[in-house]
Protein chains: 2
Amino acid sequence: MRNVTIVHVAEKARVSVKTVSRVVNNEPTVTPELRERVQAAIDQLGYAPNIAARRLGGSRSFLIVAFNDRKLTLENWRSDRGNNWIDRMQYGAMLRCDVHGYHLLCELIDLESDQLARRVGHVLSSLRPDGVILTPPNCEDPTVLDALKRAQVPFVRLGSAQAGPGARVRMDDQAAARQLTEHLVELGHRRVGFVTGSARFLASRDREEGYRRALAAAGLTVDETLLVPGDFTFEGGVAAAEALLARPDRPTAILAGNDETALAVMHVARRLGVAIPDDLSLATFDDTPSVRLSLPPLTTIRQPVAEMAAQAVDLLVAAAAKDGKLSRVDHLLPFELALRASTAPPP
Amino acid sequence: MRNVTIVHVAEKARVSVKTVSRVVNNEPTVTPELRERVQAAIDQLGYAPNIAARRLGGSRSFLIVAFNDRKLTLENWRSDRGNNWIDRMQYGAMLRCDVHGYHLLCELIDLESDQLARRVGHVLSSLRPDGVILTPPNCEDPTVLDALKRAQVPFVRLGSAQAGPGARVRMDDQAAARQLTEHLVELGHRRVGFVTGSARFLASRDREEGYRRALAAAGLTVDETLLVPGDFTFEGGVAAAEALLARPDRPTAILAGNDETALAVMHVARRLGVAIPDDLSLATFDDTPSVRLSLPPLTTIRQPVAEMAAQAVDLLVAAAAKDGKLSRVDHLLPFELALRASTAPPP
DNA sequence: TTATATTTGTCCACTTGAGGACAAATCGAT
DNA sequence: ATCGATTTGTCCTCAAGTGGACAAATATAA
């Protein structure tokens, strides 16, 4: 099959190449009849503009690159601990790219490689994408961010709790924690413990603030001794859970900083003979497969990762269509509360 | 930062553009000294050839497209039943693409869409990739295969048990079944049941053949009544398991056609009070997360998906480097036997 | 009818490399 | 020094579009 080019379309529709280009690029100065005629020719020939030529001649490449972390990608299917972040991001981004006539290129990078800057630079320089999407933990890596700035390519950081360059799309951690806490309060819990996340992550502070506000809104005073610092690891979670559950006045519900922490709490609870949810309600953040499959499955907050990626694509495409400049926005998206068997009224 | 082009490199290395091109494309007629000088200039400038220009002028695009099934992708992270095929494929393909200086583009397609042929055609026509990778179930879809043939793009079908056009890379199902069966025989089992897979899939036949050969090799005669047809569904597995486990001379071990079937066998065994692995050993194929997390975790065959994808990339790149023609090969790859707690000596 | 606005076409430059033909330079061996 | 082989350079075309300037054609309004 010979390659169908814009010239063939022009001949078939009996218009100039320029007009076909105008139709393809949705320029407004084309009458509906002509547009229709050209579109018909395009459809009949199955024409799709060559992206390489478009990139070379024009100012857009119709490509978006997503940089994913190599290790995380591997863990995603090797262990059961992955939270499917990357899959969900990709899914959302791909669907949206499709709508815009864009294509998504996924590239793995290794944050620990000494070739990191070079690798990122090469990818950008050879593909010249219209935009880049960064997933955690890449979105906070200074080397990566620096390479992107140098290449002057617009980028969106997904799910990053840190302020910084580029646009940002994430969920509202504070509101999530608040809603989770409210759920427990509504069930009748009055003593709600909180194994906080690592203080290094800003999201942890947001979550703590949400927890406090929910209690305050319910007219409950915050018992500071029920706030135990965790660090997102299983070990940290175990220590924190022991501190909370060994008390004679132990809480009737616990909020865990993340799923890993929650699994640690479950572990300790089982050891101490504390039944979930009969003796203790447990809620957490992230919704990894592990907490869907655990016994009981855990009530948790699900991040709208696919939706976040879709918005990122929209932002980048809009910027490319305009002047290639991406305004420094910070989108907050609503999350989803997954109610499962781990939360119930207090004993 | 100005775009670095081949001209800049040529100037810096004080050679002609042609020579830089020769170095970049690894042509043999360049002396080592000169090659080194050019490479130094490339490194210092951080030059990477513009892929669009390369595509337009030359005969290669340095792009490989992977068509994944939309539904499967979604299920992969929505439910826990996904077998991570797509993730593993992508990981293996990406790493290999990186080595060859290629880039991987993942595209979702919907086999049930009436726009399927058009969509595939558009992607191929606008990207003009050097090759395509198909994952199940796309690799057996006639519409997709037809569109690929029309575009005359080389493609590799991964994990397809069906003969057909294009190259094929898969695992040896027969050897896998054989090894799984041998494992059970070595544990001392003499009565090994087999809930076969759906007869519509050639892989099922291969697996059955492997099972027979293993028994024959061990000097055991095959009891045909221990071969019960399954259909890869949970319901089919339940019926088959009931047939096998209700017998007074029930087998001491069961081979399940796939993980879904295995979970069904577990379900029935638990209901009947048959303990695994004490009363019954259970082994299966696919290694989905579900069977890693089940109680007990199941002995299973893990397909070398990442490795398969890597080989697919190698094949496509080699074809592109040569004449763009892909020989119709059929690679069989070794699999991995994951021994877990579900198999033990007979009671 | 003329003036004005809008749509469409013409023409050309430009993008960044590949690839081929062939000349020029360099090298080594006789 | 001469021949032949190898390496490097010159020069040109080509890929398939975009984008801009501007002219021509057409439609609309005064």
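Proteins come first, then strands; the chains are lettered A, B, ... in the order of their sequence lines, and each starts at number 1. As the structure is a computational prediction, the values presented were derived from the model and not from experiment.
- Spacing between atom CD1 of A:I51 and atom P of C:dT16 amounts to 17 Å, rounded to whole angstrom units.
- At the heavy-atom level, B:R60 lies nowhere under 4.0 Å from the strands shown.
- We find that CG of B:L34 is positioned 15 Å from C1' of C:dC27, with the value rounded to whole Å.
- Using modelled atom types, one side-chain atom of B:D130 and one backbone atom of B:S61 make a donor-acceptor pair closer than 3.5 Å.
- Considering only side-chain N and O atoms, B:S59 lies under 4.0 angstrom from the phosphate OP1 or OP2 of C:dG19.
- Judged purely by atom type and a 3.5 angstrom limit, A:S126 has no side-chain atom pairing as donor or acceptor with the backbone of B:A48.
- A donor-acceptor pair is defined here as one N or O able to donate and one able to accept, closer than 3.5 Å; no such pair exists between the side chain of B:R22 and the backbone of B:R35.
- A 6.0 Å sphere centred on CD of A:Q115 holds more than 12 heavy atoms belonging to other residues, nucleotides or ligands.
- At D:dA15, none of the side-chain N or O atoms of A:N50 fall inside 4.0 Å of OP1 or OP2 (strictly under the cut-off).
- Using a 4.0 Å heavy-atom cutoff across all strands shown, A:V7 reaches no nucleic acid atom at all.
- Of the side-chain N and O atoms in A:R54, one or more sit less than 4.0 angstrom from OP1 or OP2 of D:dT18.
- If you take CZ of A:R37 and P of C:dT7, they are 16 Å apart, rounded to a whole angstrom.
- Where B:G57 and B:V30 meet DNA chain D, the nucleotide closest to each residue was compared, and B:V30 sits on the side nearer the 5' end.
- Comparing D:dG9, C:dT16, C:dT8 by their closest approach to the side chain of B:V15 singles out D:dG9.
- Considering only side-chain N and O atoms, B:T31 lies under 4.0 angstrom from the phosphate OP1 or OP2 of D:dT8.
- Regarding contacts with the backbone of C:dA18, a side-chain N or O of B:S21 is found under 4.0 angstrom from either OP1 or OP2.
- B:G58 comes within contact range of the sugar-phosphate backbone alone, with a heavy-atom separation under 4.0 Å but no base atom that close.
- A:K18 contributes no side-chain N or O that forms a donor-acceptor pair with the base of D:dG17 under 3.5 Å.
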### Query
After noting the C-alpha distance and the side-chain angles of A:F67 and A:V120, does the key distance pass the side chain to side chain contact (heavy atoms under 4.5 Å, CB included) rule?
CA-CA 9 Å; A:F67 282 113; A:V120 173; 4.0 Å; yes

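- Regarding A:R128, its CZ atom lies at a distance of 8 Å from the P atom of C:dT16, rounded to whole Å.
- If you check every strand for non-hydrogen atoms under 4.0 Å, B:Y47 touches sugar and phosphate atoms only.
- Nucleic acid contact class of A:V17 (heavy atoms, under 4.0 Å, all strands): none.
- If you take CZ of B:R55 and P of C:dG19, they are 10 Å apart, rounded to a whole angstrom.
- Taking atom CD on B:E27 and atom C1' on C:dG19, their separation rounds to 9 Å, with Å as the unit.
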### Evaluation steps, side chain to side chain contact (heavy atoms under 4.5 Å, CB included), between A:R14 and A:R37
CA-CA 9 Å; A:R14 298 186 316 285; A:R37 208 165 86 210; 4.1 Å; yes

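- Heavy-atom nearest nucleotides on DNA chain C were determined for A:R14 and for A:L56, and the one closer to the 5' end corresponds to A:R14.
- For the pair B:N26 CG and D:dT7 P, the interatomic distance rounds to 15 Å; values are reported in whole Å.
- Evaluation of atom-type donor-acceptor distances gives a pair under 3.5 Å for the side chain of B:R22 against the base of D:dG9.
- Remark: P of D:dA16 and CG of A:N25 are 17 Å apart, rounded to the nearest angstrom.
- The side chain of A:A53 sits closest to D:dG17 out of D:dG17, C:dT7, D:dT8.
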